[in-house]
Structure formats: C-alpha cells, structure tokens
Novice: 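Before I ask anything, here is the structure I am working with.
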Amino acid sequence: MTSTVFPRHVRLLTAGDYRRVFDQADAKAQSKQILILARRNELGFARLGLVVAKKHAKRAVDRNEIKRIVRESFRHHQFELENFDCVVLSRVGAKDLDKSELRHMVDQLWTRLRQKPYGNRSRQKPRKQ
RNA sequence: GGAGAUAGUCGAGCAACCGCUGCUAGCUACUUGUAGUUAGGGGAGGAAAGUCCGGGCUCCACAGGGCAGGGUGCCAGGUAACGCCUGGGUAGCGUGAGCUAACGGCCAGUGCAGCAGAGAGUAUACCGCCGAUGGUUCUCUUCGGAGUUCACAGGUAAGGGUGAAAGGGUGCGGUAAGAGCGCACCGCGCGACUGGUAACAGUUCGUGGCACGGUAAACCCCACUCGGAGCAAGACCAAAUAGGCUCCCUAAUGGCGUGGCCCACGUCGGGAGCGGGUAGGUCGCUUGAGCCUUAGAGUGAUUUAAGGCCUAGAUGAAUGGUUGCGCCUGUUUACAGGUUACAGAACCCGGCUUACAGACCAAUCUCUACUU
C-alpha cells in the first residue's frame, strides 16, 4: 500500500503528542537546517508534527513555505516510516534554502531516520517512575 | 513631440494528475452524532502587514457631580465613529496645472534663548555722529568773535559692525546731531460697515504715532471629548487525579496498614449523589455600517430608492505539489533560467501609515519646442 493521502489522523495534534516525542526520541536525523526527532507509537502508521520557530523564519510566508514542503515530502514517504511519530524542527537558515534544495534534503533525511535509529542508547537510561 | 500635474484599475493565464480544508447531497457503519466513502461546488490581500486611531460585539464596573490624567485643536459639512474624508479659508512652495501644513491662545500668569555682540525685552553706546563747558593747541579777525583741534558732562539711534532676530519701511520737513518729533504714502493695531452659515475677506469708513518681538511637539490657559479589558473576549459540554458538600452504611470493646500471631505503633473507614473545574471538545465564526447595477439629490465626501448577488472560515493551524501549453529574459535557433515584487486571513468592519516587480487605462489640465 503506497497511497499518498495525508488525512488528519496522521498529524500530531495535541501538546501531549509532542511532549511524548520530545521526552524520549527513539530516532533522530538532522542536517544543518533541519532536525527530525521520532518515536515509535502503537498505531501502526507514521504521524507528523511541525515546529517552525518564528525566530528562524520571521515572515509568515517563509514559515508556511517550509511547512508545506516538509508536509509534501512526508506525504510521499510516510509508508517508509512504519510507526514513527516524527517532529520536524527548523533551524537557523532553513528559510534561506530554496524550495528544491529543501525538498531534496528532507527526502534524504527520512531515509537516514529509518537507517540509523539510536534506540539502544536511550533505552539504557533508567525510566523515571 | 518633450517635460509634468491629478485620478483610477489590475497585480497573474489555461489544462491534466496527486494532495489539504470547510460546505451541500447521497451511501455505509455503529457507540445516533460522529467516522469512513462518492459526487458537486468554495478556499488569502491590496496592503491579509504595522497594530497607530475609530466603531460593532463580549464580559466587568457604573445614581449624580467634581478632581486628576489622556486625546483632539482654522471653519463648515459627511459618517456608526474617528486623529479619517470632502469643500472652503489662511500661510508657504512652484512660471503653471497643482502641492504642502499639529493651523486655538504668549495684550492670564510663570519660564526659556547657546555662540557672537556694546546691547536680546519697561533695551543698548564698541566704532561713529553731535557736543554745553574748559584749555599754555593752532589759524583768521572788522577784536565782538568765528573756525580748528584736544579733553570731557551729556545727547543720539542716521551709518558701520554682531546675530536667526537690533523694537515698522520710504521720502520730505525738522534738528547741534538725530529721532513718529511732525507730515505724506505704504504697513500695523482697534472699532464700525459690507459680503460670507463660518473661518475669513474688503481699492470701504473712522481712529491710534504705532508696536503688541520669538518660543505653547515649554509649563500652562481655553474649547470639545474620553469608564476598563479584550475572541486566549465570552457561553456551554466535560475524562483522569486531588480536594469540597449532602445523604446512607458502619460505631472506637471498631475498621484499615505493618505482621504468621499477640503486643505495639501509625492512621480513620466504605458506598451513592451533587456542584465547581483541569486536559480535551462544541459554540462564538461569518449576512455584513456587505457587494454589484441602474436612477435620483449634492460642487464633493456621501446619501436615498429599486433590482440582483452570497463571496475563505483554518485552530500544532488548509489554500500546496508535479507535468504540459503559453508568456518573459539571456545566449542564439536549440538550450538554460524564471512564471516572480511586497507579502500569508485568525472575531468583524471604517480609516491611517509603511512595503511593492510589472501591466493597463482614462480623461482632463499645465508648461514648453516645432510644423501648418
């Protein structure tokens, strides 16, 4: 199944969803301008959340553009991502990339995310009770 | 033809496919108001921006009055209202069409003014001009004095100089020299008259020798005006956990916990209901001081009437991507790049301000060159 739909339930919607990923990320992929954190869920499909700080892209137009590109990329790659909850964060300089560069970079980051999860390291940490 | 002035419109085409998000209709599930699915149709701006004003709306406060504080400030009109707009006045700029203006009051009070300059606000005397008087200056003399020069009481505001600004201007008279000291003209103040709703204007009349200097985005005075907070307003539904209230059961010779049991120690139980309320959700949420057309009123802003139209409503936040055609730019006849500027709705309107690639258009007006 390689559908490219992007309905509502594949997005992270609440503050709780985001906090779960930030508290303990099972996988991570990053470039100079983009950081992706991910954690496995029990739903059986991948979900996406976006954080584009005003600090990194001052104009609303720039922020919208970054979000759209990442979302479009996720839409095409979501079934390679199994059951990861992904949060994509912008970094300084993300708005200075042109559209095709950014798209290409995000496409690559999904692959890297799948290849090198560092779950072992985080699992060794004692869970807070 | 050239150079300008004013006002307005648009701000991005077409098609296919893949998505997102409301709406409408149908179908399928079940937990009966949600989810899924199919079809149709809608989906960023002229500034959506800055958040600088004004209003609607919501909640809170509020008998009435005063003080404090803020805002506005030529006049009239428009408007729901405004700090906005229109028309007019005045002043300044421009040959002109036109443009610009926080444009009430310093003859209520208080204050301020660097440097320069002699003097800066009931003025001043540096150079200068004049000069009573005095002289062992000098010259002339009709021997009375006259002139000259030096000193000096004093007078003066012509000229020079300083300054952003020196206390009306020009001319004539006048004078020792001067001076509104006097007069004429210009200007100014005050009063009347005329025109105008008014601001204000006047080749009008009278009157006053005549400053009343600047600064109020200095305090201040005067007039008008202003309650506060905002859609994260506010209304409703409502898990988990903790706590509250009411009722019922149990009754300290008790229950529960530690423990095999006793002692001991610690603690006060169980159930039901109710309301507040967090996460989360629903509403508020788009039909409105709305838009378009025509006709009427008005110089105009605007307004009246009739007819027609429904035009985003997201909420970890949609409005996007790919391809082709077309278009633009550069090399050059096939490629490459671009399809863009400023910029992204967040309760809604009216303005203002700021940003902006490019395109269109209208008409009218001004100046100027040339031809006929």
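Small disclaimer: the values here were computed from a predicted structure and weren't measured.
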Novice: Take the protein atom NZ of Lys67(A) and the nucleotide atom P of G321(B), then report the distance between them rounded to whole Å.
Specialist: 16 Å
Novice: With syn defined as a glycosidic torsion within 90 degrees of 0 and anti otherwise, which applies to U329(B)?
Specialist: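 What U329(B) shows is an anti base, its glycosidic angle lying more than 90° from 0.
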Novice: How should the glycosidic conformation of G290(B) be described, syn or anti, under the criterion that syn lies within 90° of 0?
Specialist: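 Anti, angle beyond 90° from zero.
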Novice: Roughly how many Å is it from CD1 in Ile69(A) to P in G320(B), rounded to a whole number?
Specialist: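 My rounded result for the distance is 12 Å.
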Novice: Name the pairing partner of C106(B), where a pair is Watson-Crick or G-U wobble with both distances under 3.5 Å, or state none.
Specialist: none
Novice: Measuring only the C1' atom in each nucleotide, how far is U302(B) from G78(B)? A whole number of Å is fine.
Specialist: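 It comes out at 6 Å once rounded to the nearest Å.
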Novice: Measure from the side chain of Arg71(A), starting at C-beta and using heavy atoms only, and say which of G320(B), G316(B), U319(B) lies closest.
Specialist: U319(B)
Novice: For a quick test of reading the model, state the closest non-hydrogen atom pair linking Val52(A) to Ser90(A) and the distance between them.
Specialist: CA-OG, 3.6 Å
Novice: Identify whether the glycosidic angle of G46(B) places it syn (within 90° of 0) or anti.
Specialist: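 The base of G46(B) is oriented syn (glycosidic angle within 90° of 0).
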Novice: Rounding to an integer number of angstrom, what distance separates A289(B) and U79(B) when you compare their C1' atoms?
Specialist: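 The same atom, C1', in both gives a distance of 9 Å.
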Novice: Is there a donor-acceptor pair closer than 3.5 Å between any side-chain N or O of Arg91(A) and the backbone N or O of Ser31(A)?
Specialist: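 Side chain of Arg91(A) to backbone of Ser31(A), a donor-acceptor pair under 3.5 Å: yes, one is there.
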Novice: What is the distance, rounded to the nearest whole Å, between atom CZ of Arg63(A) and atom C1' of A44(B)?
Specialist: 15 Å
Novice: Decide yes or no for Phe84(A) and Arg39(A): does some side-chain heavy atom of the first lie under 4.5 Å from some side-chain heavy atom of the second?
Specialist: no
Novice: Salt bridge or not between Asp85(A) and Arg47(A)? Use side-chain N to carboxylate O under 4.0 Å.
Specialist: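 Counted as a salt bridge, because a side-chain N and a carboxylate O are separated by less than 4.0 Å.
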Novice: Using the C1' atom in both, what is the distance from G4(B) to G307(B), to the nearest Å?
Specialist: 45 Å
Novice: Hunt down the Watson-Crick or G-U wobble partner of U246(B), both distances under 3.5 Å, from any strand shown, or write none.
Specialist: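 Check on U246(B): paired to A272(B), both distances under 3.5 Å.
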Novice: Roughly how far apart, to the nearest Å, are A166(B) and G161(B) at atom P?
Specialist: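 Rounded to whole Å, the distance is 14 Å.
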Novice: Syn or anti for U286(B)? Use the chi torsion, O4'-C1'-N9-C4 for purines and O4'-C1'-N1-C2 for pyrimidines, with syn inside 90° of 0.
Specialist: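 For U286(B), whose glycosidic angle is within 90° of 0, the conformation is syn.
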Novice: Is there a Watson-Crick or G-U wobble partner for A264(B) with both distances under 3.5 Å, and which nucleotide is it?
Specialist: U258(B)
Novice: Using the P atom as the reference point in each nucleotide, state the distance between G111(B) and C220(B) in Å, no decimals.
Specialist: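 Going atom to atom, P in each nucleotide, I get 16 Å.
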Novice: Could you let me know what U90(B) is paired to, Watson-Crick or G-U wobble, both distances under 3.5 Å, or none if it's on its own?
Specialist: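 U90(B) is paired, partner A101(B).
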Novice: How close or far is atom P of G316(B) from atom CG of Leu89(A), stated in whole angstroms?
Specialist: 17 Å
Novice: Take atom C1' in C181(B) and the same atom in A177(B), then report the distance between them in whole Å.
Specialist: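 So the two C1' atoms sit 14 Å from each other.
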Novice: Go ahead and name the base partner of G206(B); Watson-Crick or wobble counts if both distances stay under 3.5 Å, otherwise write none.
Specialist: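 Paired with C190(B).
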Novice: Glycosidic conformation of A44(B), syn or anti, with 90° from 0 as the boundary?
Specialist: syn
Novice: State the pairing partner of A184(B); accept Watson-Crick or G-U wobble contacts with both distances under 3.5 Å, and report none otherwise.
Specialist: U170(B)
Novice: Using Watson-Crick or G-U wobble geometry with both distances under 3.5 Å, which nucleotide pairs with C57(B)?
Specialist: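 Across any shown strand, C57(B) pairs with G230(B).
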Novice: Are Phe74(A) and Val106(A) packed together at the side-chain level, in the sense that at least one heavy-atom pair is separated by less than 4.5 angstrom?
Specialist: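 A side-chain contact is absent here, since even the closest heavy-atom pair is not under 4.5 Å.
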Novice: Go ahead and name the base partner of A81(B); Watson-Crick or wobble counts if both distances stay under 3.5 Å, otherwise write none.
Specialist: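 Here A81(B) is not engaged in any pair, so there is no nucleotide opposite it.
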Novice: Using 0.5 Å steps for rounding, measure from the CD1 atom of Ile69(A) to the CG atom of Leu50(A).
Specialist: 11.5 Å
Novice: Is there any protein nitrogen or oxygen under 3.5 Å from a nitrogen or oxygen in nucleotides 339-344 of chain B, and what are the pairs?
Specialist:
residue: A343(B); atom: OP2; partner: Arg59(A); partner atom: NH1; Å: 2.9
residue: G344(B); atom: N7; partner: Asn64(A); partner atom: ND2; Å: 3.4
residue: G344(B); atom: O6; partner: Arg68(A); partner atom: NH1; Å: 3.1

Novice: Should Glu65(A) and Arg68(A) count as side-chain neighbours, where that means a heavy-atom distance under 4.5 Å?
Specialist: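 The answer is no, as the side chains (C-beta and beyond) never meet within the 4.5 Å cut-off.
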Novice: Does any part of the side chain of Val88(A), heavy atoms only, come nearer than 4.5 Å to the side chain of Lys67(A), both counted from C-beta?
Specialist: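 Heavy-atom side-chain distance check fails, nothing below 4.5 Å.
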Novice: Taking the same atom, P, in G33(B) and in A81(B), what whole-Å distance lies between them?
Specialist: 47 Å
Novice: When you compare C27(B) with C17(B), how far apart are their P atoms, in angstrom units rounded to a whole number?
Specialist: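 Roughly 27 Å separates the two P atoms.
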Novice: Closest heavy-atom contact between Thr111(A) and Asp107(A)?
Specialist: OG1-O, 3.3 Å
